[in-house]
Amino acid sequence: SVIIASTSATAKVFVIGGIGYWAAASKSPVLPPHALTPISKMNFNLLILPLIYATLASSVTPEKIGSLWFVLVSAFGVISLSFGVATLLGKLPFFRVENKIDFDALRIAAAFPNIVALPILIFPTLCEFAVVHDSFYTEGDDVNEEATQVEKYRSCVDQSNAMIFVYFFAWNFLYWVLGYETLVRAGSKRQIHNEETLSTETSVVHNTDDSFEAVNHHQQQLEQEENGGLEGGVTPKVIENECTTGEEVAIPNEDEKTSVLRLITTALFKTISSPGFVAMILGFITACIPPLRDALFEPGGALRFFGSAMESLGSASSSVGTIIVAASLVHQANDDNIRDGREDSIEHDDNATQTHQLHNECESSDTIQQTQSTRRRSSMSQFGGMVRRRSSLALQSIRKLRKPTLQMHAWFITSRLIVAPAIVSLIIIGMDCGGILSDIPSLAKMVVIVNAGLPGAQLCVITLKSKGLTDSASIVAKVYLPSYLLSAVTIAAWTSIGLLVSIPDEDGNSFCNR
């Protein structure tokens, strides 16, 4: 029964994910790349937030809040452990990731699993099986023998979702403390490295056209003499360089000595001010006011229409979220081709407007640039276009070479899907057999074990892309794809182990007493 339950739960996730993959990979995609961002925002703001509120408000009671501490503390421990495991494995000879910049970004992806979209699909399917919901159903400290199967199922689902969202609070906090800054720093370093490589690739073009620049500089001097010189003695070359410098994207230097207290305070503020946390607090407040909770979620309640609306919206969030994750894997894996194609299509327009944009930005600094000859502008435009075409080809070659190595895939899959959840499971088994977790709900242990074995979170890729760090985002996305495919096996395995650890056997013996 345990194996059947875990296999069914995992199969459900990947059937929905397969639909999302097909919707994005077909020749005429139902989910094109430009649609994923607005749909993802819609899913979180209109579906997941109601689910968080409705789940916590309807299922958490003041008596049960005290048992959630284990999930919160475990989330901090599991994420920190996952980060440590990824770091240590990455130093071993067989798994060593030679590129330190990619290693910094990928170990963050290995530390933060996808703990919302996948678990809220897995646990409802698990709870459908009698062997699961009978074991996890409790009311206070006693088992309610008169509860129906539907009530036990509903309790199992609500309690698991509540624990998942408490876990998500710790996940969110650690992401802002550890994950976000490390990801952005690694992505920025990668961007700088690629720009330096690109500069090397295009230096041949500049050296080849030294004679052109010499002739052009001589022509500038002649035009300056004809116009009586420039105001303030500043040559067009200097003005041009100043404007070009203004065009460069300045990547701020990260302060390595930034106060830890300041970082934690910032992370705490971002976590508390996030919509998800607000929904959690409102849910807890509602749960602690029984008359309000009953009016919203009890049949026949005065405000039942509102509670029912929140539940209906939330019920669709897990499926939509899984479809988005699968579709994102398709488009992110093909992100280089899409981006390169876009650059090729707009290259002509960029070349035609580059000199004009520079001229417009600099015309207020000195009126002499308004009288530059058409011939000179045309020559500079042609030269700039040639350099840009060569640069674009060099950049495309860099991106094509930027593919994850076999060692990188092996390291990520081993640390994220095998070693980290194995250590977490052994720790929970050891503590449980030692009597330390005797008062902890079995469902809480199950949630922690399952969450430890999930693939990486898509938020890591979204963060990098939102900052324009597309090269690092592409590497992380390409590493994600095989790990998500293999997780079909590993999630089922760790779910089975979690069930064996959490629920008693036919004779009522716990795992440690078998």
Side-chain angles (χ1 to χ4, degrees), residues 1-9 11-13 50-68 71 119-166 283 286-319 439-447 450 495-496 498-510:
S1 299
V2 168
I3 296 176
I4 294 174
S6 60
T7 303
S8 298
K12 172 185 175 180
V13 172
L51 177 65
I52 294 175
Y53 171 76
T55 298
L56 295 177
S58 62
S59 63
V60 176
T61 61
E63 295 79 14
K64 293 179 180 178
I65 290 178
S67 65
L68 295 177
V71 178
I120 59 180
L121 270 180
I122 292 172
F123 279 94
T125 304
L126 289 175
C127 292
E128 291 177 359
F129 291 85
V131 66
V132 177
H133 65 237
D134 285 344
S135 301
F136 290 153
Y137 178 77
T138 58
E139 186 175 17
D141 296 327
D142 302 320
V143 175
N144 183 6
E145 299 292 346
E146 298 180 357
T148 65
Q149 295 296 312
V150 174
E151 290 174 335
K152 292 179 180 180
Y153 165 76
R154 190 69 259 167
S155 174
C156 178
V157 173
D158 290 343
Q159 291 299 318
S160 62
N161 284 344
M163 293 175 182
I164 290 168
F165 295 135
V166 171
T286 303
C288 293
I289 306 176
L292 177 59
R293 183 186 63 201
D294 293 342
L296 285 167
F297 299 104
E298 288 296 325
L303 299 176
R304 178 57 185 154
F305 66 91
F306 183 81
S308 179
M310 295 296 100
E311 291 173 341
S312 297
L313 288 170
S315 63
S317 61
S318 57
S319 298
D439 296 331
I440 301 301
S442 297
L443 184 58
K445 306 170 193 175
M446 174 73 180
V447 168
V450 172
T495 302
S496 298
L499 288 172
L500 291 172
V501 172
S502 304
I503 64 178
D505 60 12
E506 293 84 353
D507 299 326
N509 298 320
S510 64

Subject >> Taking every non-hydrogen atom, the tightest pair across D158 and S58 >> reply: OD2-OG, 4.3 Å
Original post:
Does S160 reach the side chain of L443, with side-chain heavy atoms less than 4.5 Å apart?
Top reply: yes
**OP:** State whether a side-chain donor-acceptor pair under 3.5 Å links S496 with S6.
**Re:** yes
**OP:** Mark yes or no for whether S312, through its side chain, and S308, through its backbone, hold a donor-acceptor pair below 3.5 Å.
**Re:** yes
Original post:
If you measure from CD1 on I52 to CE on M310, what distance do you get to the nearest 0.5 Å?
Top reply: 12.5 Å
Subject >> Inter- and intrachain pairs under salt bridge (charged side-chain N to carboxylate O under 4.0 Å, His left out), touching residues 304-314, at least two apart >> reply: R304-E311
Original post:
Between CD of Q149 and CG of D134, what distance do you get to the nearest 0.5 Å?
Top reply: 5.0 Å
**OP:** Could you tell me whether the side chain of I122 reaches within less than 4.5 Å of the side chain of K12, counting heavy atoms only?
**Re:** no
**OP:** Examine distances only and state if a side-chain atom of S442 and a backbone atom of S502 form a donor-acceptor pair shorter than 3.5 Å.
**Re:** yes
Original post:
Do L499 and V131 touch side chain to side chain, with heavy atoms closer than 4.5 Å?
Top reply: no
Subject >> Atom pair CG/CZ of L51 and F165 - distance to nearest 0.5 Å >> reply: 4.0 Å
Subject >> Residue pair L121 / S319: nearest heavy atoms and the distance that separates them >> reply: CD2-OG, 4.1 Å
Original post:
In Å, rounded to the nearest 0.5 Å, how long is the span from CG of D294 to CD1 of I289?
Top reply: 11.5 Å
Subject >> Contact summary for P124 and P119, nearest pair of heavy atoms >> reply: CD-O, 4.1 Å
Subject >> Interatomic spacing from SG in C127 to NZ in K152 - rounded to 0.5 Å >> reply: 13.0 Å
**OP:** Name all residues meeting the side chain to side chain contact (heavy atoms under 4.5 Å, CB included) criterion together with A162; count only those two or more places apart in sequence or in a different chain, and write none if there are none.
**Re:** T55, L56, S59, V60
Original post:
Any sub-3.5 Å donor-acceptor pair from T7's side-chain atoms to I4's backbone N or O?
Top reply: no
**OP:** Indicate yes or no: at least one non-hydrogen side-chain atom of T495 is less than 4.5 angstrom from one of M446.
**Re:** yes
Subject >> Smallest separation among heavy atoms of S8 and F129, with atom names >> reply: OG-CZ, 3.7 Å
Subject >> Taking every non-hydrogen atom, the tightest pair across F297 and A57 >> reply: CE1-CB, 3.5 Å
Original post:
How far apart are the closest heavy atoms of T286 and L296, and which atoms are they?
Top reply: CG2-CD1, 3.7 Å
